[in-house]
Amino acid sequence: MDVKKIYEDANALLSGHFLLSSGNHTDHYLQSAKVLENPKNAEILCAALALQIKDAGLKVDCVCSPALGGILAGYELARALGVRFIFTERVNGVMELRRGFEVSKGEKVLVCEDIITTGGSALESAKCLEAFGADIVAFGALANRGFCKRVGSSLEAKKECKLPLSKPLFALADFIFNMYPPEACPLCVTSKAYKPGSRGN
Ligand code: ZN
C-alpha cells in the first residue's frame, strides 16, 4: 500500500514551518484529517492496519485513541478489528477517560493515533487506562514519523521516542521529516512556526 500517495492525493502532505504538539518544529506535516475526510480512505488504511495486527496474532479487546487527532483512525481500526472503541481526552492538560467510558481490569487495549511522532499523547492515553487496570498490548498509527520503531521496519527507535520498547507499534509506513527543537530551528530565521489547523489548514 502506498500510504504516501494516499496522503499526497488528498493534499495532506504539507510543506512549511509547523509547530508540533511536542513543542518541536518541523518542515513537513501529515494532515490526516484531510485523508480521513474520505471514509473510503479510512476504511482502506485501517483494514490494512488491522490485517497487520491480526497477522501478528495479537488479541485486542478494545481500541482507544487520544482525542482529537486519533479518533477517526482509532474508530475505523476498531471497526476493522470487530472490537469496541473509546477515547481519552485532555482536561486542563491531563489525559482522562470521560463520557461514561470504562475499561475493565485486564482488558487488552490497543492505543491508536493517526500519526505517531514521539508517541507522547499515546503514552499518556495508555497510562490513563493502565490506572484502571487495562492491559496495553500495543500501539497503532496510520503512519510513523520515524522516531519510534514500528513492526516490520528496519528503522530503530530514536531517543525522542516516548513509547515503551516492550510494546509493539503497528503502522503502515515511516515518514521521515526534519524536526527541530524550537531554540535550534533553522526555519525560525525566516518565518514563524504555526500549528496546523490554526490558519485554515
Ligand atoms: Zn521553527
Side-chain angles (χ1 to χ4, degrees), residues 2-38 41-42 45 49 64-74 87-96 111-128 139-151 153-165 167 169-201:
D2 193 343
V3 179
K4 183 162 184 255
K5 185 167 188 316
I6 292 175
Y7 272 77
E8 282 172 344
D9 288 351
N11 293 318
L13 177 49
L14 312 178
S15 314
H17 183 195
F18 306 101
L19 172 63
L20 298 170
S21 56
S22 62
N24 292 311
H25 296 187
T26 182
D27 55 357
H28 284 84
Y29 189 82
L30 296 165
Q31 186 55 281
S32 293
K34 279 296 291 173
V35 169
L36 301 176
E37 75 176 3
N38 180 346
N41 279 343
L45 291 165
L49 189 57
C64 178
S65 293
L68 180 69
I71 288 181
L72 293 174
F87 62 87
T88 58
E89 57 200 296
R90 279 210 181 83
V91 181
N92 298 322
V94 180
M95 201 66 89
E96 289 186 6
V111 176
C112 183
E113 270 280 23
D114 53 347
I115 310 290
I116 287 284
T117 305
T118 62
S121 298
L123 182 66
E124 281 179 58
S125 196
K127 285 191 178 309
C128 169
F139 293 88
L142 301 179
N144 174 37
R145 287 285 309 274
F147 295 98
C148 298
K149 180 169 176 56
R150 73 178 171 94
V151 174
S153 171
S154 57
L155 290 173
E156 292 302 322
K158 297 200 170 69
K159 63 176 177 5
E160 290 89 348
C161 181
K162 294 188 176 128
L163 297 182
L165 296 172
K167 317 232 186 230
L169 166 64
F170 295 93
L172 295 172
D174 294 319
F175 283 82
I176 315 296
F177 306 135
N178 292 314
M179 189 171 85
Y180 312 101
E183 65 278 10
C185 173
L187 304 170
C188 280
V189 175
T190 52
S191 62
K192 192 173 183 307
Y194 73 98
K195 230 177 161 48
S198 64
R199 282 203 324 211
N201 56 0

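Computed from a predicted model, the values in this text were never measured in an experiment. Just so you know, ligand 1 is whichever comes first in the structure, and atom 1 is the first atom listed for that ligand. All values below were derived from every heavy atom in this structure, side-chain atoms included, with hydrogens, water molecules and symmetry-related copies excluded.
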Exercise for review: Describe, in one word, how the ring planes of Tyr29 and Phe18 are oriented to each other, choosing from parallel (under 30°), tilted (30 to 60°) and perpendicular (over 60°).
Suggested key: tilted
Review point. Quick one: ring-ring contact (aromatic ring centres under 6.0 Å, His included) partners of Phe87, sequence neighbours excluded?
Key: Phe101
Practice item. Please list, in chain and residue-number order, the protein N/O/S atoms closer than 2.8 Å to the Zn ion (ligand 1). Key: His17 NE2, His25 ND1, Cys185 SG, Cys188 SG
Review point. When rounded to the nearest 0.5 angstrom, what distance separates CG in Asn178 from CG in Asn24?
Key: 12.0 Å
Check your understanding: Can you tell me if CG on Leu165 sees more than 12 non-hydrogen neighbours from other groups inside 6.0 Å?
Key -> no
**Study point:** Test of ring centre spacing under 6.0 Å for Phe170 and Phe139
**Key:** no
Check your understanding: Under 3.5 Å, is there a donor-acceptor pair linking the side chains of Thr118 and Arg145?
Key -> no
